[in-house]
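Just so we're on the same page: letters track the sequence lines, and every chain starts at 1. Note that this is a predicted model, so its numbers are computed, not measured.
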Protein chains: 2
Amino acid sequence: MYTISEVSKLLAITTYTLRYYEKEGIVAPIRNANGERVYEDTHLAWLRFVLRLKQTQMPISQIREYAQLYLEGEHTSSARLNLLEDHRSSIQDQIRHLTETEKMLNDKIANYKVFISKGNTLDLSMDD
Amino acid sequence: MYTISEVSKLLAITTYTLRYYEKEGIVAPIRNANGERVYEDTHLAWLRFVLRLKQTQMPISQIREYAQLYLEGEHTSSARLNLLEDHRSSIQDQIRHLTETEKMLNDKIANYKVFISKGNTLDLSMDD
DNA sequence: ATATAGCTTAGAGTTTACTCTAAGGCAAAT
DNA sequence: ATTTGCCTTAGAGTAAACTCTAAGCTATAT
């Protein structure tokens, strides 16, 4: 059982963002007698999952879609499976792009190092 | 020598975006007698590089910084090297996150497949 | 009793990166 | 000569994801 500020500290996101996620249908904490949000461990686990999806570029709208399917029950499991498989492809694409760009940067960085160590006596083109 | 619409087609970005990038100090095509933008191969190569940086989550502001350093000449080469090395770290972080999330999705997807093939007779928790 | 800290809401404001509109210039085609 | 197509500009509009403000409630501390 956590207050909004405890969750905020645990997950390193602001309370504003937590309220925003609730407004967007991404998380639904329960309320205590004072009408204050109470998060349980299941909410924490779900939010950690959400943050990973975000970190891997899944838009809020799609995260909400997944959350809603979950709330709709077991008959949505194959829809959820599709969503996860699509996101996995997206992740694999991202890894490909990043790996290519990392290689390119390795080359450029090596060129800069040679250039600098030789006392800037070489030409570097826009592509170096 | 390319017109703005040719560059737009070659790079699959809109002419609006190309003008926006110029306003933001990211690319500086020359102008013909009619005041129209003329892009050369160097601009194309630079824009291709810019698109990779964007694709790997470098913000426009930082891309502009790199472009400005380039325009300021050779004495900025070590500043540019720092920028590229920082971005390489960022890329490596991203690859780590993506790889972890891919593994997590592999597990979840496998669970969903078992669940569905067994005729939904199992329990799936929020974390599956 | 009242101050303080932390919670609530609705709704406005911000940032980033485009995306589009309006008004107009110029050149080739009909 | 005028239509067509492509170009120009300044500046307004949009979408996503926050981020904050204002007004107010409630529990504990002094």
Side-chain angles (χ1 to χ4, degrees), chain A residues 1-40 43-44 46-68 83 87 90 94 97, chain B residues 1-40 43-44 46-68 83 87 90 94 97:
Chain A
M1 310 275 276
Y2 312 90
T3 66
I4 193 167
S5 61
E6 286 166 345
V7 175
S8 162
K9 269 158 211 152
L10 285 168
L11 301 184
I13 56 179
T14 67
T15 57
Y16 300 137
T17 302
L18 283 165
R19 293 196 194 93
Y20 166 71
Y21 284 174
E22 187 172 351
K23 220 188 289 183
E24 290 297 310
I26 282 172
V27 66
I30 52 179
R31 301 294 176 124
N32 67 15
N34 278 332
E36 294 172 351
R37 289 166 179 83
V38 174
Y39 295 84
E40 298 186 328
H43 297 115
L44 261 277
W46 166 246
L47 282 167
R48 287 204 172 89
F49 177 48
V50 166
L51 294 180
R52 298 208 111 168
L53 294 179
K54 273 211 48 61
Q55 200 168 42
T56 56
Q57 320 306 319
M58 187 186 281
I60 294 291
S61 57
Q62 210 174 324
I63 297 174
R64 175 182 39 230
E65 231 182 285
Y66 185 85
Q68 294 311 303
L83 224 150
H87 190 55
S90 148
Q94 291 177 61
H97 290 310
Chain B
M1 311 273 277
Y2 312 90
T3 66
I4 192 166
S5 61
E6 286 166 346
V7 176
S8 161
K9 269 158 212 151
L10 286 168
L11 301 184
I13 56 178
T14 68
T15 57
Y16 300 137
T17 302
L18 284 165
R19 294 195 194 94
Y20 166 72
Y21 284 175
E22 187 173 351
K23 220 188 291 183
E24 291 296 312
I26 281 172
V27 66
I30 52 180
R31 299 294 176 123
N32 67 15
N34 278 333
E36 294 171 350
R37 290 167 180 83
V38 174
Y39 296 83
E40 299 187 326
H43 297 115
L44 261 278
W46 166 245
L47 283 167
R48 286 204 172 90
F49 177 49
V50 166
L51 294 180
R52 298 209 111 168
L53 295 179
K54 271 210 52 59
Q55 199 169 42
T56 56
Q57 319 305 318
M58 188 185 281
I60 294 291
S61 57
Q62 209 173 325
I63 297 174
R64 176 182 37 231
E65 234 183 282
Y66 185 83
Q68 294 311 303
L83 222 149
H87 188 55
S90 148
Q94 290 178 61
H97 290 312

Item to check | For B:Y21, side chain to side chain donor-acceptor pair (under 3.5 Å) partners two or more places apart | outcome: none
Next on the checklist: Output the rounded distance in Å from CD (B:Q57) to P (C:dT16).
Outcome noted: 15 Å
Checklist outcome for this item: To the nearest angstrom, the CG-P distance between B:N34 and C:dG24 comes to 19 Å
Next on the checklist: Is the phosphate of D:dC6 approached by B:T3 (side-chain N or O, under 4.0 Å from OP1 or OP2)?
Outcome noted: no
Checklist entry - To the nearest Å, how far apart are B:R19 CZ and C:dC18 C1'? => result 13 Å
Next on the checklist: Need one value for B:T15: base, sugar-phosphate or nothing, where a base atom within 4.0 Å counts as base even if backbone is also close, heavy atoms only.
Outcome noted: nothing
Checklist entry - Any side-chain heavy-atom pair from A:Y20 and A:E24 closer than 4.5 angstrom? => result yes
Item to check | Under 4.0 Å protein heavy-atom contacts per nucleotide of nucleotides 10-24 of chain D, with B for base, S for backbone only and - for none | outcome: -B-----BBBBB---
Checklist entry - Are A:R31 and A:E22 within salt-bridge range, i.e. N to O under 4.0 Å? => result yes
Checklist entry - Could you state the CG-P distance from B:L11 to C:dC18, rounded to the nearest angstrom? => result 13 Å
Item to check | Exercise: do A:T56 and A:H87 side chains pair donor with acceptor under 3.5 Å | outcome: yes
Next on the checklist: In whole Å, I'd like the distance from the CZ atom of B:R31 to the C1' atom of D:dT8.
Outcome noted: 8 Å
Checklist entry - Could you give the CZ-to-P distance, from B:R64 to C:dT15, as a whole number of Å? => result 14 Å
Item to check | Spacing of A:Y39 atom OH relative to C:dG6 atom P, expressed in whole Å | outcome: 17 Å
Next on the checklist: Looking at D:dT8, I'd like to know if its phosphate oxygens (OP1 or OP2) sit under 4.0 Å from a side-chain N or O belonging to B:R37.
Outcome noted: yes
Checklist entry - With no hydrogens and no angle check, do the side chains of B:S5 and B:S8 hold a donor and an acceptor under 3.5 Å apart? => result no
Item to check | Value in whole Å for how far the C1' atom of C:dA5 lies from CD of A:E6 | outcome: 14 Å
Next on the checklist: When you compare the side chains of B:S61 and B:E65, does any donor N or O come within less than 3.5 Å of an acceptor on the partner?
Outcome noted: no
Checklist entry - Are B:I4 and B:Y39 close enough that some pair of their side-chain heavy atoms sits under 4.5 Å apart? => result yes
